[in-house]
Amino acid sequence: RVMAAEWGYSPTNGPDVWARLFPQAGGARQSPVDICTSIASSDSNLEMKKLTFAYESQSDLRILNTGHGWKVEAPQSGSRLEGGPLGEDIYQLEQFHCHWGETSAEGSEHTVDGRAYAGELHLVHWNTTKYQSFAEAAQHPDGLAVLGVFFDVGNESNDEIEKIVSTLSEIKFKGQFTDIPDVIDPTTFLPSGLGYWTYLGSLTTPPCNECVIWIVYKEPITVTEEQVTYH
Ligand SMILES: CC#CCOc1ccc(CNS(N)(=O)=O)cc1
Ligand SMILES: [Zn+2]
C-alpha cells in the first residue's frame with residue numbers, strides 16, 4: 001500500500017515502512033537500539049574526558065503537541081554540552097521532548113537488555129563548533145548530541161516534569177502549542193548518577209538522519225503514573 005500521508009506507528013505508516021519516504025531510515029546506524037549491557041564496553045577515554053553540561057533557566061518556553069508526544073522548543077545559546085564522546089566540540093540545546101506509551105510498562109525508545117521503561121526524555125543539542133544551524137548540523141554524522149533519560153513510574157512526582165505536563169490539557173490536539181508559565185531548568189531533568197551509555201545513531205523519528213551521538217543515562221528519573229499518561 002502507498003505510505004499513509006503522515007508517518008506514525010501503525011503497520012501502514014510505522015518504522016517498517018519509513019524508509020520508503022525517508023531513505024535514512026534504512027541506514028546502518030539507526031536508533032533506537034536495545035542496549036546490551038553485557039557487551040557494552042567501558043571506554044577509559046570517556047572516563048578521562050568528563051561529560052559536562054551547563055543550562056540556563058528559561059521562561060516563556062513554548063510547548064507543542066507534535067502528534068507523537070510533546071516538544072518544548074528551547075534554543076539556548078548560553079547552554080553547553082561537551083566532553084565525554086563529544087570530542088572538542090560544543091553542543092547547544094535546541095529542544096527537548098518526550099516519548100511514552102499506552103501503559104507504564106512500555107514507552108521508552110531505547111531498551112536495556114530488552115527492558116522498556118515507562119518513557120524517555122530527549123534533550124536535543126547541535127554542534128555549534130562546526131555548524132551554523134541545527135538544520136545544517138543534522139546533515140552531518142557528528143551534528144547532534146541527544147541526552148536520553150528514562151522514566152520510571154513511582155510514587156514521587158517530578159516537579160519539573162509537572163510544570164510541563166500541567167499544560168497538556170491546553171494542547172490536546174496535534175499542532176497546538178501554548179506557553180509554559182513556569183521557569184524551566186533542564187538540569188533538573190538529569191538523574192543524580194551520571195553514568196551513561198553512548199553510541200553513534202540517528203534521529204528515532206523521521207527523517208531519521210544518521211547524525212546523532214547518543215548519550216543515554218543509566219539511572220532513570222522517577223515520575224508518577226499520572227505524569228506519563230494523559231487524558
Ligand atoms: C533533520 C531534521 C529534523 C527535524 O528535527 C527533528 C528533531 C528531533 C527529532 C526527534 N528525534 S529523536 N527522538 O531522536 O530526538 C526529529 C526531527
Ligand atoms: Zn526523541
Side-chain angles (χ1 to χ4, degrees), residues 6-9 13-15 17-19 21-35 53 55 61-76 79 81 85-86 91-102 106-112 116-128 130-151 161 164-165 168 174-175 177 186 189-191 196-217 220-221 223 227-228 230:
E6 271 299 296
W7 63 267
Y9 293 91
N13 69 0
V17 295
W18 285 349
L21 281 190
F22 306 99
Q24 295 212 62
R29 56 176 270 189
Q30 285 295 297
S31 298
V33 296
D34 179 40
I35 297 166
F53 47 80
Y55 297 114
L61 287 172
R62 213 170 73 161
I63 183 167
L64 173 77
N65 180 328
T66 61
H68 308 289
W70 53 260
K71 172 176 86 164
V72 175
E73 295 151 358
Q76 262 196 33
S79 61
L81 177 69
L86 303 179
Y91 289 69
Q92 176 184 303
L93 182 64
E94 174 72 10
Q95 53 107 320
F96 52 90
H97 62 273
C98 188
H99 304 261
W100 71 94
E102 292 300 307
E106 59 183 349
S108 63
E109 297 220 290
H110 290 93
T111 49
V112 180
Y117 284 86
E120 188 171 333
L121 176 70
H122 288 158
L123 295 132
V124 182
H125 306 72
W126 60 279
N127 186 331
T128 56
K130 285 187 178 168
Y131 308 112
Q132 308 307 314
S133 70
F134 172 88
E136 182 198 352
Q139 311 309 320
H140 300 272
D142 60 353
L144 304 188
V146 182
L147 292 187
V149 183
F150 291 122
F151 287 157
I161 295 288
I164 291 168
V165 297
L168 295 184
K174 177 175 178 177
F177 56 80
F189 293 135
L190 302 180
Y196 60 84
W197 293 291
T198 182
Y199 73 97
L200 299 178
S202 74
L203 296 174
T204 65
T205 61
C208 300
N209 294 31
E210 298 191 321
C211 62
V212 180
I213 298 174
W214 275 98
I215 295 167
V216 180
Y217 281 108
I221 59 171
V223 295
Q227 290 183 310
V228 280
Y230 304 122

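When a ligand or atom number is given, it counts from 1 through the structure's own listing order. Quick note: residue numbers are just sequence positions, from 1.
Ring geometry for Tyr9 versus Trp7: interplanar angle over 60°, hence perpendicular rather than tilted (30 to 60°).
Of all protein heavy atoms, the one lying nearest to atom 10 (C) of ligand 1 is Thr205 OG1, 3.4 Å. Summary of contacts: the protein heavy atom closest to atom 15 (O) of ligand 1 is His97 CE1, 3.0 Å. The nearest protein atom to atom 2 (C) of ligand 1, hydrogens excluded, is given as Pro207 CG, 3.7 Å; this is a heavy-atom distance. For atom 5 (O) of ligand 1, the nearest non-hydrogen atom of the protein is Phe134 CE2, 3.7 Å. The nearest protein atom to atom 1 (C) of ligand 1, hydrogens excluded, is given as Asn209 ND2, 3.3 Å; this is a heavy-atom distance. Protein heavy atom in closest approach to atom 11 (N) of ligand 1: Leu203 CD2, 3.6 Å. Of all protein heavy atoms, the one lying nearest to atom 14 (O) of ligand 1 is Thr204 N, 2.8 Å.
Looking at His97, its N, O or S atom nearest to the Zn ion (ligand 2) turns out to be NE2.
The proximity of Val124 to ligand 1, defined as any non-hydrogen pair under 4.0 Å, is limited to the side chain.
Ligand 1 has no N or O atom lying under 3.5 Å from any N or O atom of Gln95, backbone or side chain. Remark: ligand 1 and Trp214 share no N or O pair separated by less than 3.5 Å (distance only, no angle test). Residue contacts with ligand 1: Gln139 is placed with no nitrogen or oxygen under 3.5 Å of a nitrogen or oxygen of the ligand (distance criterion only).
Look at Lys71 and you'll find every heavy atom at least 4.0 Å from all atoms of ligand 1.
Residue His99 forms a side-chain hydrogen bond (donor to acceptor under 3.5 Å, both in side chains) with just one option from His68, Glu120, His122, and that option is His122.
Between Lys174 and Glu6 a salt bridge is recorded (basic side-chain N to carboxylate O distance below 4.0 Å). Ion pairing between Arg29 and Glu210 fails under the 4.0 Å rule for side-chain N and carboxylate O.
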